[in-house]
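The analysis underlying the following values was restricted to heavy atoms, covering all of them including side chains, and did not include hydrogens, waters or symmetry mates. Letters A, B, ... are given to chains in the order of the sequence lines, protein chains preceding strands, and every chain is numbered from 1.
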Amino acid sequence: MLHVVGMGVSHPTTKIDNKFLEDLQVGTTAEWITEKIGIQTRLSTLPLDYIRSTRNQNPAEAVKIASMTPTQMGVNAARMAMERAGVKPEQIGMVIANCCTPCQTAPAEAQRIAGELGLKVKAFDVFTACPVFALHIDLLNSFREDKLPEFTLCVSTAALTQHVNYNDRSDGAIWGDGAAAWIVSSKQPGKLKVLDSLFHADPTRSQAVVVDTWGHFRQDGRAVRDFSVRQTVRLIRAIEEKFEIDWNRDVFIGHQANLTMLRQITENRGIPESNHWHNVTHIGNQAGASAPAVLAMHWDQIKPGQKVIVAVVGAGLSWGSIVFEAV
Amino acid sequence: MASFPLIFTRRIAVLHILGAGFANPRACIDNKFLAEIGLGSVVTEFQMSSGIVTRGTILPLDYIRETKNQNPHEASKVATESPTDLAFAAATMALERAGITPQQISCIIGESSTPFQSTPSEAQRVGEKLGIKVPAYDVAASAGPIPLHLHLLNQLRPEKVPEYCLCIVTHAPTTRANYADGIGAFFLGDGAAALVVSAKHTGKFGVIDAEFQNDLQAMGTLQFDSYVHANFDRKTLSVLTEMQKKTLSDAMKRCSARPESLKIIANEVGSTLANQEINGVHLSAAMLLSEHRESGFTLSSGPVAELARNWGKFKAGETIICTYAGAGLSYGNAILKVMEG
């Protein structure tokens, strides 16, 4: 049985608020963003002056002036996770990672993070962008027990604001930068026990959400939004059929794409706002770090016996779910 | 040393390789071209020791001649093929050899060190070209299906290994090579390869073992930065050559095959292994399978591409050791038993 024994997050500190985006004069208003997307601020590794003056038309320049790299955020999140788990770096037996915006396409992000932590273990990327929390848990849940190290460090990190075209009125409102980390063990009990996991994909729609290696993010917004809401609802329904879920006790965490979409999902399933955990309103969409960051930021609020349902949909198009039970 | 009887091998080989494919770009950079654009001294230095005469590229030769690829992020705009195109071609060959249709694939695992898009994953891009809706994600450490994907699949409970897992790898390192200076331009070549792997069906090769390792303190040996040239230099060559020998030595210690039934696939980047001695075993030219002379160093697609190129040449009962060392510093090996001639 797999357990999550510790989680961590890392975010940059520069805030892009809705007034800033309105002042860029690209056809959006603070009111529109709040009403349609529900995000108030998003955290970025980019200086506001840079965004204001260049609109990030050349992402190659963004990398040079960013305050943090995805690797640095990943390392910070990993350190927090290890501290919370009471695990020393030398106890980590394997590192897997996910990064939508790597500064280097080789070595792997996992290798960079493991190297910065001073680890000498196997490290490789397991990558699917946004739904990676479900993918990592599902993959590790499939290991032979004798093959899984005592502690595996999983990290998802991305700096999507470095790939946003700030002349586009929608994309700038969505993205934030950040990293999340989670430490998993099949040998040591932890705060969260994994009851179930699932990962799937529809690659025929892989071009619906794209980050160009050297260029900007782009997506078929409406199609992706509609699919995300429908698919997340399907995932939750399947979990409700399989497990005894009480939305007055149990908690839902979705992919942090935008608050409007999340509210459509929670209203459909009758999930009260008190048991809908999110952070998108003040951090933005942090890609694969989104859902695990929410869980990490609510770590001390998890109550024994509570189920935490994570259902995430994103690039690939791919999707997945995890059912945790708090121990 | 006795080799494994085939029946015993079937039982101890959980994974089987049912099909393998490879793909090279249409365009080719030969040594004459490199000399013409000012890299004559590099050609002179390395052509004898490496044996490389050509390497494939997705870049137009005119573009290389005129710009020397000084701005790598322009390369993807002029490329005549994409890494995904190459991967799709390799996958198609692998599926055909495995005797399965794309619709029978249950999972795609991918890797690319030079993707044109950092999102979605290479596996998902290939899935789109195949027109299938299956779990698809990248497992990447610049170590490819051999050794990384086989190593990972070997860690899973047998019932969790997909019935038909398509493992793809594709690299276009010429898009990150500096054709004005340095030795990367001589060594790096583009290429893709693919395997169809199963734990439920037997195939041409039984996977006896697959080991993946990395030396994180040597990460700087070879790096592919998103915006600048790859740092392939003489130190890279030297380190990769040594790691190649180390991982081959490790594999040979774990392998009980007689030398006469042993074949070795190694990315002989810097110099040939022929007539060298590893673990007291003399490596004859006949034991070594490598076409890097015509494709250059295609990173982690190399071992699988060689397996695919020699598909019809293996005899039942032979043992194949495939080794690889590359960026990461990732290295590893796989020991395969030929089940069918």
Side-chain angles (χ1 to χ4, degrees), chain A residues 59-60 63-64 96 99-112 114-115 118-130 132 135 138-139 141-145 147-148 158 163 199-215 217 287 315-318, chain B residues 72-74 76 108 110-121 123-143 148 151-152 154-158 160-161 171 176 212-217 219 222-227 230 299 326-330:
Chain A
V63 170
K64 296 175 192 169
I96 61 176
C99 182
C100 299
T101 61
C103 292
Q104 295 173 336
T105 47
E109 191 62 52
Q111 291 170 322
R112 283 190 287 281
L119 305 180
K120 295 178 184 179
V121 297
K122 292 177 195 181
F124 50 93
D125 286 350
V126 177
F127 172 72
T128 190
C130 310
V132 73
L135 171 59
D138 194 53
L139 180 65
N141 223 3
S142 305
F143 267 58
R144 286 166 38 192
E145 194 149 332
K147 293 293 184 184
L148 207 51
H163 285 267
F199 174 78
H200 213 307
D202 176 4
T204 63
R205 304 180 70 178
S206 76
Q207 295 300 294
V209 180
V210 171
V211 180
D212 192 286
T213 300
W214 300 277
F217 157 83
L317 294 177
S318 57
Chain B
H73 48 108
E74 292 299 314
S76 67
I108 307 174
E111 175 184 278
S112 176
S113 294
T114 57
F116 281 4
Q117 298 170 341
S118 56
T119 299
S121 67
Q124 287 154 353
R125 281 189 290 278
V126 172
E128 190 202 13
K129 284 188 171 289
L130 289 168
I132 55 178
K133 301 181 183 187
V134 296
Y137 52 93
D138 282 354
V139 174
S142 205
L148 180 58
H151 171 77
L152 175 68
N154 249 349
Q155 313 300 302
L156 304 184
R157 300 195 297 280
K160 288 293 188 179
V161 178
H171 302 292
R176 311 291 179 84
F212 164 75
Q213 294 288 350
N214 49 209
D215 178 357
L216 300 176
Q217 292 181 310
M219 245 190 299
L222 178 58
Q223 294 171 310
F224 285 82
D225 194 288
S226 293
Y227 294 100
L299 309 184
L329 184 64
S330 296

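In this structure, the portion of B/Leu152 lying under 4.5 Å from any heavy atom of chain A is its side chain and not its backbone. Proximity to chain A is absent for every atom of B/Ile108, based on heavy atoms less than 4.5 angstrom apart. Heavy atoms closer than 4.5 Å to chain A are found in the side chain of B/Lys160, but not in its backbone. In this structure, chain A has a heavy atom under 4.5 Å from the backbone of B/Asn154, while its side chain stays farther away.
B/Arg157 places a side-chain N or O within 3.5 Å of a backbone atom of A/Asn141 that can act as its donor or acceptor partner. Remark: the backbone N or O of B/Gln117 is paired with a side-chain donor or acceptor of A/Thr213 at under 3.5 angstrom.
Contact count versus chain B (heavy atoms, under 4.5 Å) is highest, among A/Gly115, A/Gly316, A/Gly118, for A/Gly316. Contact tally against chain B (heavy-atom pairs below 4.5 Å) for A/Ser142, A/Cys103, A/Ala108: the top residue is A/Ser142. For the set A/Val121, A/Leu139, A/Asp202, the count of heavy-atom pairs under 4.5 angstrom toward chain B peaks at A/Asp202. Ranking A/Val209, A/Thr204, A/Thr128 against chain B, the residue ahead of the rest is A/Thr204, based on heavy-atom pairs under 4.5 Å. With chain B as partner, the option from A/Pro102, A/Ala129, A/Ala208, A/Ala60 having the largest number of non-hydrogen pairs under 4.5 angstrom is A/Ala60. Among A/Ala123, A/Ser318, A/Ala114, the residue making the largest number of heavy-atom pairs under 4.5 Å with chain B is A/Ala123.
In this view, A/Gln104 and A/Arg112 satisfy the side chain to side chain donor-acceptor pair (under 3.5 Å) rule, not counting sequence neighbours. A/Lys147 is linked by a side chain to side chain contact (heavy atoms under 4.5 Å, CB included) to A/Phe143, A/Arg144, B/Gln155, counting only residues two or more places apart in sequence or in another chain.
Residues A/Asp212 and B/Ser118 are not in side-chain contact: their nearest non-hydrogen atoms beyond the backbone lie 4.5 Å or more apart. Within the 4.5 Å cutoff, no side-chain heavy atoms of A/Arg205 are placed close to those of B/Gln124. A 4.5 Å side-chain heavy-atom check between A/Lys120 and B/Gln217 finds at least one atom pair inside the cut-off.
More than 12 heavy-atom neighbours from other residues, nucleotides or ligands sit within 6.0 angstrom of CD on B/Glu74.
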